[in-house]
Amino acid sequence: MTASATPVRLDRFMARANAAYYSSRDPFADFITAPEISQMFGELLGAWVAVTWQGMGAPTPFVLAEAGPGRGTLMADALRLLARVAPACYAAARVHMVETSPRLRDAQATALAPHADAVTPAWCGAVADLPPGPMILLANEFLDALPIRQFVRTAQGWDERSVVGEVFVTAPATDLPVGGPLATRDVPEGEVLETCEGALVIARQLGRRLAQGQGAALFIDYGYDGPGWGDTLQALRDGRPAWPLARPGMADLTAHVDFAALGAAARAGGCATWGSVTQGAFLSALGLFPRAAQLARNQSPEVARQVSEAAQRLVAPDRMGGLFRVMAMTPPGMTELAGFEGCAPIAPSPADMGKGG
Ligand code: SAH
């Protein structure tokens, strides 16, 4: 990708940079995600799928979808667990991967090869293209890769950031997104507020789908819940933080997920939302520590230490356990959801309908 001399709106710059990045680079040389840290992550999500599917009345078949599946590790670990402990759920699953990068689709096909006959994996490019019917959708570190816009609060209204070469320029915003956090948050002058229209569109689509049919969607990502603001755009290149506007396509660009806006958009579509809760609370509730103890049993001290270190990394409050949050979306009226014990679902409300996120 070449730098532009005319201003490019930040979301368009980020979309192009990330499309180039994911289609040409191995993202896992630059960052490590929870499923790549330990098989326990995908296994626990597999257990969540089995319990949730039972709670839906065990629809057969059902769509088991993952958005932004990277190397396919999470789904492969989840399927291995399902085959072993929930064979009826495994037999009912039709796997659909939402992935835009041809290179990562190939890696995912390789990871799923042992399960290909049972779950007939298929690929599509967008959540909206997933087939109809009962569905469970998983997404880990997917939303953070979607393009954001950045608005700066001024005395008069909002400026918007664009990119020229390797620097930001700001100009009064012309087409402000309708509704959403821009309309509802009291942001101090000079502060940046980010919006991720792609994430809100997906949440609204899922909200509508889950209001009308069976299913559940689970989003895990780093982010914040509540009426926050601030510049969270970041880049990782060669495993190190880099200036996000330099050498587009060579670095992974991400932004924190605004779970308050995501939940409001989903409820505007008509579904209920759960959480967000921290990843640490979620994985602990699903039984991370008993699973770690089981994996470490009869192993060398070194392997036992590695398992325990991976568990800590996933749940410790000052590590991924506190930085990452988990939100679920379900049809309204569901009263229980694994991993969200003690957390009441938020029902769709007329206020959310008006806000649209
Ligand atoms: N979930 C994986 C990988 C996270 S990296 C893990 O936890 O390891 C982000 C993933 O989202 C990659 O697979 C990337 O190709 C995919 N992705 C990024 N933007 C996308 C888009 N607009 N549509 C579909 N997939 C996208």
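What you see is a predicted model, and the numbers here were worked out from it, not measured in a lab. In listed order, ligands and their atoms are each counted from 1.
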| field | Pair Arg103-Ser23, side-chain donor/acceptor within less than 3.5 Å | value | no
Put together the list of close N/O pairs, under 3.5 Å, between ligand 1 and the protein, could you?
from     : atom 1 : to     : atom 2 : distance (Å)
ligand 1 : 1 (N)  : Gly68  : O      : 2.6
ligand 1 : 1 (N)  : Asn140 : O      : 2.6
ligand 1 : 7 (O)  : Thr33  : OG1    : 3.4
ligand 1 : 7 (O)  : Asn140 : ND2    : 2.7
ligand 1 : 8 (O)  : Thr33  : OG1    : 2.5
ligand 1 : 13 (O) : Gly70  : N      : 3.0
ligand 1 : 13 (O) : Glu99  : OE1    : 2.6
ligand 1 : 15 (O) : Glu99  : OE1    : 3.4
ligand 1 : 15 (O) : Glu99  : OE2    : 2.5

| task | Give the ring-plane orientation class for Phe282 versus Phe340, where under 30° counts as parallel, over 60° as perpendicular and anything between as tilted. | result | tilted
| field | Pi-cation contact, Trp158 with Arg153 (under 6.0 Å, within 45°) | value | yes
| query | If you look at every heavy atom in Leu253 and Pro244, which pair is closest and at what distance? | reply | CD2-O, 3.5 Å
| So does Glu309 have more than 12 non-hydrogen atoms from other groups sitting under 6.0 Å from CD? | yes
| message | Can you confirm whether Asn298 is buried at CG, in the sense that more than 12 heavy atoms of other residues, nucleotides or ligands lie under 6.0 Å from that atom? | response | no
